[in-house]
Amino acid sequence: MKHCFLNRNNQQPTTIRKIVVIGSGRVAWHLGKRLKARGLPVAQVVSRTAEHARALAGVLGARWTDDASEVLPDAGWLLIAVRDDAIAEVAAALAPHAPGALATHTSGATPGMVLQPFFKRHGVFYPLQSFSLEHSPVWSKIPFCVDASSDEDALFLEKMAGRIGKLVYRVDDAQRSILHVAAVFANNFANHCFAVADKLLAEKDLPFEMLHPLMEETLAKALLDAPARMQTGPALRGDAATVKRHLELLKNHPGWRELYAKMTRSINPDLPF
Ligand SMILES: NC(=O)c1ccc[n+]([C@@H]2O[C@H](COP(=O)([O-])OP(=O)(O)OC[C@H]3O[C@@H](n4cnc5c(N)ncnc54)[C@H](OP(=O)(O)O)[C@@H]3O)[C@@H](O)[C@H]2O)c1
């Protein structure tokens, strides 16, 4: 990580030209509303489904269109928040109509370079959090990972992130791609393990709530120190007999058995089984 700015609100004000939100899904809703709430000039929503574009624009008090060629020609910042594999196609449709704008996407898994063929000024504005429509994000706890094709634009994005959040990092493509893999381990895979645990308990009529204190303790400890130092359990202890018994108990769930064995080997490659 190159920089972390804890609060940039006290910095010199930046002149901000019109912001156009592209897309009207989870990230577009949350970022759009937050930008607006922080007094930033969200001028238009461009999204392929008219009904969705209109709904978000209504909340933001902005103009809307479902036609990329109607993007405001004097847009300053195009915040592209569409599905990862649609970013290039959407950028291609927008570029001829707002060629001077800074175009950024919000994807952790997509290189910033995907915008380069279409926009001279391009970058990434990636909020490292899981967004859903049901939950309001805690903005002060979201790391914003920004990058841009010029230092000036990167600085602008850092300032914008500092206006809507607190944790701002300059992260290049190589760093962000690994960050995304790490996030899959820390969030998606960890959650999948919770789901497996829940199903195993349900088979024996035990409530998942019994594991809540253990889950809370695990997270609290992982936040305190290097998680590898906080590891406990039969794999780390080298308790081969217990591991063998667990594998036997999982014989009716070959997928979970394999997962258990792979996790165990990852924790302790020396275990003989
Ligand atoms: N959700 C998260 O937790 C999260 C967190 C960080 C970053 N991100 C990134 O943010 C971006 C948006 O994610 P999201 O969760 O907001 O997605 P989403 O809720 O599924 O919304 C996707 C948006 O993309 C539009 N779209 C899909 N395919 C399109 C196409 N072919 N052409 C034009 N528009 C298209 C959709 O239009 P319609 O309304 O017409 O369907 C919708 O407005 C992605 O790059 C994602 O990786 C997501």
Side-chain angles (χ1 to χ4, degrees), residues 19-36 42 44-60 62-71 77-98 103-119 122-148 157 160-161 164-165 167-169 171 173 175-192:
I19 300 171
V20 177
V21 175
I22 317 294
S24 49
R26 284 166 277 231
V27 170
W29 267 86
H30 285 300
L31 279 182
K33 278 168 60 180
R34 180 65 177 170
L35 287 163
K36 165 93 177 163
V42 183
Q44 187 187 32
V45 175
V46 180
S47 197
R48 66 171 179 183
T49 305
E51 192 189 328
H52 299 169
R54 191 188 306 118
L56 177 54
V59 169
L60 301 178
R63 298 163 70 170
W64 67 271
T65 178
D66 58 359
D67 180 348
S69 73
E70 289 176 1
V71 63
W77 179 20
L78 305 179
L79 186 54
I80 303 176
V82 300
R83 215 180 60 213
D84 289 358
D85 56 12
I87 293 170
E89 169 196 339
V90 166
L94 292 164
H97 311 285
T104 64
H105 69 63
T106 56
S107 168
T110 311
M113 296 305 275
V114 79
L115 296 172
Q116 190 191 27
F118 314 108
F119 289 93
H122 56 89
V124 179
F125 194 78
Y126 167 53
L128 176 50
Q129 188 48 282
S130 173
F131 290 89
S132 52
L133 290 176
E134 301 75 28
H135 289 284
S136 298
V138 181
W139 293 99
S140 61
K141 290 189 172 178
I142 298 180
F144 282 87
C145 304
V146 307
D147 193 20
L157 294 174
M160 291 302 96
I164 63 179
L167 306 174
V168 187
Y169 297 85
V171 174
D173 274 0
Q175 290 172 313
R176 202 179 52 262
S177 51
I178 280 300
L179 189 58
H180 199 250
V181 175
V184 168
F185 273 99
N187 176 13
N188 306 147
F189 290 172
N191 192 66
H192 179 65

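As the structure lists them, so they are numbered: ligands from 1, and atoms in each ligand from 1.
Under a 4.0 Å criterion applied to the non-hydrogen atoms of G23, ligand 1 contributes the atoms 43 (O). Proximity to S130 (heavy-atom distance under 4.0 Å) selects the following atoms of ligand 1: 3 (O). Here is the list of ligand 1 atoms found below 4.0 Å of a heavy atom in T49: 38 (P), 40 (O). Under a 4.0 Å criterion applied to the non-hydrogen atoms of Q129, ligand 1 contributes the atoms 3 (O), 5 (C), 6 (C). Ligand-side atoms of ligand 1 in range of A86: 28 (N), 29 (C), 30 (C), 31 (N), 32 (N), range being under 4.0 angstrom from any heavy atom. Each of the atoms 32 (N), 33 (C) of ligand 1 lies under 4.0 Å from some heavy atom of V90. Within ligand 1, the atoms closer than 4.0 Å to a non-hydrogen atom of A81 are 12 (C), 23 (C), numbered from 1 in the order shown.
Environment of CZ in R54: crowded, with over 12 heavy atoms of neighbouring residues, nucleotides or ligands closer than 6.0 Å.
Residue A53 comes nearest to W64 through the heavy atom pair O-CB, 3.7 Å, listed as atom of the first residue, atom of the second, then distance. In terms of heavy-atom proximity, V71 sits nearest to Q44 at CA-OE1, 3.5 Å.
Taking the six-membered ring for Trp and thresholds of 30 and 60 degrees, W139 and F144 have nearly parallel ring planes, at less than 30 degrees apart.
D66 places no side-chain N or O within donor-acceptor distance of the main-chain N or O of S47, the cut-off being under 3.5 Å. Checking side-chain atoms of T65 against main-chain N and O of D67 turns up a donor-acceptor pair under 3.5 Å. Looking only at distances, a side-chain donor or acceptor of H105 sits under 3.5 Å from a matching main-chain atom of P111. The main-chain N or O of H52 is never found under 3.5 Å from a side-chain atom of T49 such that the two would form a donor-acceptor pair. A donor-acceptor contact shorter than 3.5 Å links the side chain of W29 to the backbone of S24.
Taking atom 15 (O) of ligand 1 as the reference point, the nearest protein heavy-atom neighbour is R26 NE, 3.4 Å. Among all non-hydrogen protein atoms, the one lying nearest atom 47 (O) of ligand 1 is D84 OD1, 2.7 Å. With hydrogens left out, the protein atom closest to atom 43 (O) of ligand 1 is S24 N, 2.8 Å, a heavy atom. Looking only at heavy atoms of the protein, atom 16 (O) of ligand 1 is closest to V27 N, 2.8 Å. With respect to atom 42 (C) of ligand 1, the closest heavy atom belonging to the protein is G25 N, 3.9 Å. Protein heavy atom closest to atom 3 (O) of ligand 1, with residue, atom name and distance, is F131 N, 2.7 Å. If you check which protein heavy atom lies closest to atom 6 (C) of ligand 1, you get P127 O, 3.3 Å. Counting only heavy atoms of the protein, atom 22 (C) of ligand 1 lies nearest to R83 N, 3.9 Å.
In H105, neither the side chain nor the backbone holds a heavy atom less than 4.0 Å from any atom of ligand 1. When heavy-atom distances to ligand 1 are checked against a 4.0 Å cut-off, H52 comes that close only through its side chain, counted from C-beta outward. Only side-chain heavy atoms of S47 come within less than 4.0 Å of ligand 1; its backbone N, CA, C and O stay farther off. Contacts of T106 with ligand 1, taken as heavy-atom pairs under 4.0 Å, involve both backbone and side chain.
Note: L60 CG to R34 CZ = 14.0 Å, rounded to the nearest 0.5 Å. Rounded to the nearest 0.5 angstrom, I22 CD1 and R48 CZ are separated by 14.0 Å.
Of the candidates L31, L56, V82, it is V82 that places a heavy atom closest to atom 24 (O) of ligand 1.
Using a non-hydrogen distance threshold of 4.0 Å, R48 registers as a contact of ligand 1.
With a 4.5 Å cut-off on side-chain heavy atoms, V42 and L35 count as touching. Two residues are said to be in side-chain contact when any heavy atoms from C-beta on lie closer than 4.5 Å; I87 and L115 meet this criterion.
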